[in-house]
Protein chains: 2
Amino acid sequence: MKLNLTMQRKAVLEVLQHAHDHPTAADVMDRLRAQGNVFAYGTVYNSLRYLTEVGLVKELKLGEAASRYDAKMEDHHHVVCTRCGRVDEVTIELPAEWLGKAAQETNYELHHASVVLEGVCSSCSVQNSPSK
Amino acid sequence: MKLNLTMQRKAVLEVLQHAHDHPTAADVMDRLRAQGNVFAYGTVYNSLRYLTEVGLVKELKLGEAASRYDAKMEDHHHVVCTRCGRVDEVTIELPAEWLGKAAQETNYELHHASVVLEGVCSSCSVQNSPSK
DNA sequence: TCTAAATTTATAATAATTCTAAACAAGGGA
DNA sequence: TCCCTTGTTTAGAATTATTATAAATTTAGA
């Protein structure tokens with residue numbers, strides 16, 4: 001099964017590779033449009049699915065409505081700012097020891113771990129606390 | 001602001017308290033129906049939101065389409081079986097040291113951490129490996 | 001070149017959830 | 001008690017993200 005990168009798939013991949021954030025499918029669509037590539041919605045979703053399947057991008061489900069996509073393939077975790085919604089990356093790895101304990105507790109054969117942290121990012125915490 | 005537990009909210013809460021799994025809104029709806037409580041969908045969602053806001057239940061976003069709800073309030077993490085979709089709990093806590101490093105790396109003020117592990121549960125791994 | 005398979009497209013469909021407006025209920029004064 | 005305000009439930013419409021469908025198009029291989 002060899003890689004079949006059509007021009008639309010290539011364009012989607014490039015958007016993700018040049019992004020320094022974590023765009024949703026709609027974001028990807030917008031950025032393609034901005035550069036003159038008008039594809040059908042289905043094509044963008046299809047491309048994202050294809051690229052995910054062949055392992056060129058990763059789908060992030062961070063508990064928001066929409067999935068985000070990421071071309072950076074090293075395994076990493078994420079922090080979401082509860083004030084502004086910004087998402088940043090956490091590159092340090094979960095201690096193997098902790099994963100071992102979790103596997104033992106649950107009796108699962110673990111394949112993957114994903115941590116979503118929540119907090120307030122530095123720019124939001126500079127502004128005075130919310131009134132609420 | 002005092003607690004306002006209407007009978008529908010109470011019924012929803014009770015379903016969650018008696019559940020030993022992690023029901024979705026639709027599951028809650030079904031269980032209510034099964035016991036003769038037919039509420040509007042909006043009401044179930046409303047109740048779940050209210051109960052979450054006052055801190056009696058927790059909304060779990062595990063990367064599936066639908067949110068799951070849980071009346072168990074101690075903080076804990078989850079494992080999802082990639083074969084059968086079953087969800088189990090992980091009660092061990094993330095090492096504070098790791099969280100500290102994450103806070104340092106990201107420069108966030110962290111409030112909450114949620115880990116979603118993926119793997120194969122014991123009953124699925126007993127059955128011979130999938131053909132795929 | 002011809003054919004079969006894969007892909008794109010536009011659009012319809014689905015699933016989970018929220019919104020809306022009307023009807024209802026409850027509680028606190030006058 | 002009656003009235004009024006406020007909050008809640010209800011049914012159904014609306015929204016959002018995503019997937020499915022079917023026709024048209026492209027691609028690759030014989």
Side-chain angles (χ1 to χ4, degrees), chain A residues 1-16 19 21-33 35-54 56-70 78 80 85 87 116, chain B residues 1-16 19 21-33 35-54 56-70 78 80 85 87 116:
Chain A
M1 180 197 304
K2 68 182 227 275
L3 202 53
N4 177 7
L5 280 190
T6 62
M7 94 179 237
Q8 11 298 77
R9 287 173 181 169
K10 211 173 296 177
V12 168
L13 179 57
E14 273 161 19
V15 165
L16 290 177
D21 53 352
H22 304 79
T24 62
D27 292 335
V28 171
M29 191 76 202
D30 290 346
R31 293 177 199 186
L32 288 167
R33 275 234 162 75
Q35 62 187 44
N37 283 317
V38 182
F39 304 149
Y41 256 89
T43 303
V44 171
Y45 277 103
N46 245 319
S47 301
L48 289 169
R49 177 148 25 113
Y50 177 84
L51 294 168
T52 303
E53 267 164 15
V54 300
L56 287 172
V57 317
K58 210 175 269 167
E59 182 181 7
L60 308 177
K61 301 186 168 181
L62 305 182
E64 303 159 295
S67 284
R68 292 166 175 272
Y69 295 86
D70 195 343
H78 295 89
V80 181
V87 175
V116 179
Chain B
M1 182 195 302
K2 69 182 226 273
L3 203 54
N4 178 6
L5 281 190
T6 62
M7 93 181 240
Q8 10 298 76
R9 287 172 182 169
K10 211 173 296 178
V12 168
L13 179 59
E14 272 160 20
V15 165
L16 292 178
D21 54 352
H22 303 79
T24 62
D27 292 335
V28 171
M29 191 77 201
D30 290 346
R31 294 177 199 186
L32 287 168
R33 275 235 163 74
Q35 62 188 43
N37 283 317
V38 181
F39 303 149
Y41 255 88
T43 303
V44 171
Y45 277 103
N46 246 321
S47 301
L48 289 169
R49 177 148 25 113
Y50 177 84
L51 294 168
T52 303
E53 268 164 15
V54 301
L56 288 172
V57 318
K58 213 177 266 166
E59 182 181 6
L60 307 177
K61 300 185 167 181
L62 305 182
E64 303 159 294
S67 284
R68 292 167 176 272
Y69 295 86
D70 194 344
H78 295 89
V80 182
V87 174
V116 180

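On a predicted model such as this, the values are computed, not experimentally measured, just so you know.
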| field | Audit row: A/Val54, A/Leu3, side-chain contact (heavy atoms from CB on, under 4.5 Å) steps and yes/no | value | CA-CA 8 Å; A/Val54 300; A/Leu3 202 53; 3.9 Å; yes

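- Across all non-hydrogen atoms, the minimal contact from A/Tyr50 to A/Asn4 is OH-N, 2.8 Å.
- Defining each end axis of the helix from C/dT1-D/dA30 to C/dA30-D/dT1 as the rotation carrying four pairs' C1' atoms onto the next four, with five pairs an end, the two axes are found to diverge by 10° to 10 degrees.
- Annotation: side-chain hydrogen bond (donor to acceptor under 3.5 Å, both in side chains) contacts of A/Glu14 (sequence neighbours excluded): none.
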| task | Take nucleotides 9-28 of chain C nucleotide by nucleotide from the 5' end and write B, S or -, depending on whether a protein heavy atom sits under 4.0 Å from the base, only from the sugar-phosphate, or from neither. | result | BS-----SBB----------

May I have the list of side-chain donor-acceptor pairs in residues 24-31 of chain B shorter than 3.5 Å, sequence neighbours left out?
residue: B/Thr24; atom: OG1; partner: B/Ala26; partner atom: N; Å: 3.4
residue: B/Thr24; atom: OG1; partner: B/Asp27; partner atom: N; Å: 3.1
residue: B/Thr24; atom: OG1; partner: B/Asp27; partner atom: OD2; Å: 3.2
residue: B/Asp27; atom: OD2; partner: B/Thr24; partner atom: N; Å: 2.9
residue: B/Arg31; atom: NH1; partner: B/Asp21; partner atom: OD1; Å: 3.0
residue: B/Arg31; atom: NH2; partner: B/Asp21; partner atom: OD2; Å: 2.8

| Derivation of the side-chain contact (heavy atoms from CB on, under 4.5 Å) call for A/Val15 and A/Gln35 | CA-CA 10 Å; A/Val15 165; A/Gln35 62 187 44; 4.2 Å; yes

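- Contact footprint of chain A on DNA chain D: nucleotides with an atom under 4.0 Å from a non-hydrogen protein atom, first to last in 5' to 3' order, D/dA17 to D/dT19.
- A/Lys10 and A/Leu5 get closest at one heavy-atom pair: CE-O, 3.8 Å.
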With a cut-off of 3.5 Å and sequence neighbours excluded, list every side-chain donor-acceptor pair involving residues 40-47 of chain A.
residue: A/Ser47; atom: OG; partner: A/Thr43; partner atom: O; Å: 2.7

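- Each of A/Leu51, A/Leu16, A/Val12 was compared with A/Leu56 under the side-chain contact (heavy atoms from CB on, under 4.5 Å) criterion, and only A/Leu51 meets it.
- Smallest separation of non-hydrogen atoms from A/Glu64 and A/Gly85: OE2-O, 4.4 Å.
- Put simply, the side chain of A/His22 reaches to within 4.5 Å of the side chain of A/His78, judged on heavy atoms.
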